[in-house]
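Below is one structure, written out as structure tokens, with a few remarks after it.
Just follow the structure's listing: the first ligand is 1, and inside any ligand the first atom is 1. The analysis underlying the following values was restricted to heavy atoms, covering all of them including side chains, and did not include hydrogens, waters or symmetry mates.
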Amino acid sequence: MLGQFMQLLDIGANLTHESFRHDLDAVLQRAHAQGVSRMMVTGASLDGSTHALALARAHPDTLFATAGVHPHHAIDYDDATDGHLRELALDPSVRAIGETGLDYNRNYSPQDVQLRVFERQLQIAVDARKPLFLHQRDAHKDFIALLRRYRDKVPAAVVHCFTDSGDALRDYLALDCHIGITGWICDERRGTHLRELVRGIPANRLMIETDAPYLLPRTVRPQPAHRRNEPMYLRHICEEIARDRGEPVEITAENSTATAEAFFGLPARDAPQQ
Ligand SMILES: [Zn+2]
């Protein structure tokens, strides 16, 4: 079990999702009760990023925001979007640019548009001097080629919800990227390779996330009837990762929180509250 004062940090929670509209305060209370004291609210569209920032402002020291446009929505990205994102990027509550990246799994936006919009957001991170919150699915080759050209110009970059192969993982670590692991690792149909790979991620590069309301860990018992994932289940994900890494869960918790604090520039909060 986690120590009484252990603090977890969920680096990816889609709390602007409509499924949280009616009970966000209860969701946050349940998270706190499980030691999940801080959450990064993912911005995946211009409206979503604006909403994420509003949530962060309404819950200071608990919620923080990212600002970006997901590759699924790349087709909607125009000069006005770019201008608004640049304004959001300068806000102190916006701690990273993203999620941005490439997703060739669904190709909701054409690949050439995804590439162009990804590069525009890479440039925003460079100009705002903020870390990147990155999404990559079935697009590793194009993704790493573009990221390589910008990596030295941004302070840090996390490949969130990493689900790819060992080769891809080695490429990201060689580029000094951070890795975000979700409850995908609990999926016995498609995530078992991650249980081995997670052992090879240095503690100062490993961060944990729920991607709520998506990706409810399949090993959570009992499974909630509503099937909605929540930040409180980060504790379960942390326990699973600790077992896979062969280390006490307190160590995984402490290290992943310290890594996330450094990545997002947040104050340390692992001591008992006075
Ligand atoms: Zn994503």
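- When the N, O or S atoms of Glu99 are ranked by distance to the Zn ion (ligand 1), OE1 comes first.
- The ring pair (Phe, Tyr, Trp, His ring centres under 6.0 Å) test with Tyr172 singles out one residue from His178, His160, His140, and that residue is His140.
- Note on His135: its N/O/S atom closest to the Zn ion (ligand 1) is ND1.
- The nearest N, O or S atom of His160 is closer to the Zn ion (ligand 1) than 2.8 Å.
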Trace of the side-chain contact (heavy atoms from CB on, under 4.5 Å) decision for Ser45 with His70 | CA-CA 6 Å; Ser45 64; His70 192 285; over 6 Å; no
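- For Thr182 against Leu215, the heavy-atom pair with the smallest separation is OG1-CD1, 3.7 Å.
- Nearest heavy atoms, Tyr150 versus Glu119: OH-OE2, 2.6 Å.
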